[in-house]
*Asks:* 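Here it is, the structure in full.
Side chains included, hydrogens not; waters and symmetry mates left out as well; all remaining heavy atoms used. Predicted model, so just to flag it, every value in this text is computed and none were measured. When a residue number appears, it is its place in the shown sequence, counting from 1.
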Amino acid sequence: LTLNNGVIYLTDKDGFKTVKSFTTGRSFVLAEYKTDGKAYDLSYLDNKLYLADHRNGVRIIDVSNPTDSGSFSVINTVDTSYAESVVGYGSKLLIADGEGGIVLGNITYAEDGSQQIEIEDSIDLPGITKSLVVYNNKAYIAAREEGMHILDLDTKKIDTLFTGGSVQEIAVNKELIVIADGAKGL
């Protein structure tokens, strides 16, 4: 789920939807895009959606016209094992790749102007990387039974917090980290 200029982009396992929301609590679907994978997560950056499409990797989709699904075009695909979560920040892309750990990529442009991702690094991590969030140049990575990994994006140093549960999701806001830890709760 992400929000940009009053348009909500959300995954629904079969693809994604663009939804217009109003302050009255009413909303309506503007457009839908179906994939042949399992759409788990997305990130919006500069009129592009980076869609974590599980076994189909990460799809880069032009959504400059969010009301017309016919104009959505897959610009490029980043091959990964099991793309579960994706975060775009600056000119970088970070992918939680299930059993494949974390994939770091640079967003670049080909000679024809199309956007592509150049893989910078792949980092093996214990556990199955489920989701991630980037805050203050650190990636907070949910790795189920292996806890939460904290990756310094400058030094590539990794710290791990074992929770004794199964870390599924993480939210970070200033000095507060909230961990959805399976049966252990928050």
Side-chain angles (χ1 to χ4, degrees), residues 1-78 80 82-98 103 105 107 114-117 128-136 138-142 144 148 166-186:
L1 172 77
T2 191
L3 175 67
N4 186 63
N5 291 331
V7 176
I8 301 167
Y9 297 87
L10 58 106
T11 60
D12 65 359
K13 297 285 188 206
D14 294 325
F16 71 88
K17 295 179 181 173
T18 58
V19 176
K20 182 71 176 176
S21 181
F22 300 97
T23 55
T24 60
R26 294 180 36 223
S27 63
F28 63 93
V29 174
L30 296 171
E32 292 184 61
Y33 179 88
K34 300 288 185 192
T35 75
D36 54 352
K38 291 182 180 178
Y40 281 130
D41 191 25
L42 51 81
S43 184
Y44 179 93
L45 193 62
D46 298 329
N47 286 326
K48 307 291 186 287
L49 275 186
Y50 299 89
L51 181 68
D53 202 22
H54 203 237
R55 290 184 183 195
N56 291 325
V58 175
R59 295 173 184 238
I60 306 169
I61 303 169
D62 184 333
V63 290
S64 49
N65 182 356
T67 62
D68 179 14
S69 61
S71 73
F72 297 162
S73 59
V74 176
I75 298 169
N76 211 330
T77 302
V78 180
T80 62
Y82 295 98
E84 301 234 1
S85 185
V86 61
V87 173
Y89 62 101
S91 63
K92 303 273 187 191
L93 196 68
L94 193 61
I95 304 163
D97 196 26
V103 176
I107 301 169
S114 65
Q115 197 173 59
Q116 51 194 19
I117 304 300
I128 297 171
T129 56
K130 174 80 175 143
S131 68
L132 56 90
V133 62
V134 173
Y135 182 77
N136 279 347
K138 290 187 183 341
Y140 298 83
I141 304 155
R144 298 185 183 165
M148 176 180 69
S166 179
V167 179
Q168 302 293 315
E169 292 282 338
I170 300 167
V172 179
N173 184 348
K174 295 185 182 177
E175 300 301 318
L176 178 65
I177 299 172
V178 179
I179 299 172
D181 202 17
K184 287 192 165 267
L186 294 178

*Asks:* Working to the nearest 0.5 angstrom, can you tell me the gap between Asp181 CG and Leu186 CG?
*Replies:*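 Rounded to the nearest 0.5 Å, the CG-CG separation comes to 9.0 Å.
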*Asks:* Of the non-hydrogen atoms in Leu51 and Ala39, which two are nearest, and what is the gap between them?
*Replies:*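 Between these two residues, the closest heavy atoms are CD1-CB, 3.9 Å.
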*Asks:* Which value, rounded to the nearest 0.5 Å, describes the distance between Ser131 atom OG and Arg144 atom CZ?
*Replies:*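 The OG atom of Ser131 sits 9.5 Å away from the CZ atom of Arg144.
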*Asks:* I'd like to know if the side chain of Ser91 reaches the main chain of Ile107, judged simply by a donor and an acceptor atom lying under 3.5 Å from each other, with no hydrogens or angles considered.
*Replies:*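 The answer is no, because no donor-acceptor pair under 3.5 Å joins these two groups.
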*Asks:* Is there a side-chain contact between Leu10 and Val19 (heavy atoms, below 4.5 Å)?
*Replies:*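 Counting from C-beta outward, Leu10 and Val19 do come under 4.5 Å.
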*Asks:* Applying side chain to side chain donor-acceptor pair (under 3.5 Å), name anything that partners Asp36, two or more places apart in sequence or on another chain.
*Replies:*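 Asp36: side chain to side chain donor-acceptor pair (under 3.5 Å) contacts with Asn56, Arg59.
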*Asks:* List the atom of Glu84, the atom of Gly98, and the distance in Å for their closest heavy-atom pair.
*Replies:*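 Closest approach of Glu84 to Gly98: CG-N, 4.0 Å.
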*Asks:* Asp12 side chain to Asp14 main-chain N or O, any donor-acceptor pair under 3.5 Å?
*Replies:*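 Side chain of Asp12 to backbone of Asp14, a donor-acceptor pair under 3.5 Å: yes, one is there.
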*Asks:* Looking at OG1 of Thr67 and CG of Leu30, how far apart are the two atoms once the value is rounded to the nearest 0.5 Å?
*Replies:*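 Between atom OG1 of Thr67 and atom CG of Leu30 there are 6.5 Å.
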*Asks:* Which atom pair, heavy atoms only, marks the closest approach of Ile61 to Tyr33?
*Replies:*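 The answer is CD1-CE2, 3.7 Å.
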*Asks:* How close do Gln116 and Ile60 get, counting heavy atoms only, and between which atoms?
*Replies:*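 That closest heavy-atom pairing would be CA-CD1, 4.2 Å.
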*Asks:* To the nearest 0.5 angstrom, please state how far the OH atom of Tyr82 sits from the CD1 atom of Ile95.
*Replies:*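 Those atoms lie 15.5 Å apart.
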*Asks:* Is the shortest side-chain N to carboxylate O distance from Asp53 to Lys38 below 4.0 Å?
*Replies:*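 No salt bridge links Asp53 with Lys38.
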*Asks:* Please tell me if the side chains of Val63 and Tyr9 come closer than 4.5 Å, counting only heavy atoms from C-beta onward.
*Replies:*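 Side chain of Val63 against side chain of Tyr9, heavy atoms only: contact under 4.5 Å found.
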*Asks:* Minimum heavy-atom separation for Ala83 to Gly57, with atom names?
*Replies:*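 Looks like CB-O, 3.6 Å.
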*Asks:* Is there side-chain contact between Lys130 and Val167, with heavy atoms separated by less than 4.5 Å?
*Replies:*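 No; the side chains remain at least 4.5 Å from each other.
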*Asks:* Please give me the minimum heavy-atom distance between Tyr50 and Val86, naming the atom from each residue.
*Replies:*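 That would be O-CG1, 3.1 Å.
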*Asks:* Mind checking the CG-NZ spacing from Leu45 to Lys92? Nearest 0.5 Å is all I need.
*Replies:*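 Between atom CG of Leu45 and atom NZ of Lys92 there are 13.0 Å.
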*Asks:* Could you go through Ile170 and Val178, starting from their C-alpha distance and side-chain angles, then the distance that decides it, and tell me whether this counts as side-chain contact (heavy atoms from CB on, under 4.5 Å)?
*Replies:* CA-CA 6 Å; Ile170 300 167; Val178 179; over 6 Å; no
*Asks:* State the OH-NE2 distance between Tyr40 and His54, to the nearest 0.5 angstrom.
*Replies:*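 Interatomic distance, Tyr40 OH to His54 NE2, rounded to 0.5 Å: 4.0 Å.
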*Asks:* If only side-chain N and O atoms count, and only distance matters, is there a donor-acceptor pair under 3.5 Å linking Ser85 with Asp41?
*Replies:*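 Checked: Asp41/Ser85 side chains pair up, N/O donor to acceptor below 3.5 Å.
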*Asks:* Could you tell me whether a side-chain N or O of Tyr44 sits under 3.5 Å from a main-chain N or O of Asn47, the two making a donor and an acceptor?
*Replies:*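 Yes; judged by distance alone, with no hydrogens or angles, the pair exists.
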*Asks:* Do side-chain atoms of Asp62 reach the backbone of Lys48 as a donor and acceptor pair under 3.5 angstrom?
*Replies:*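 Answer holds: no.
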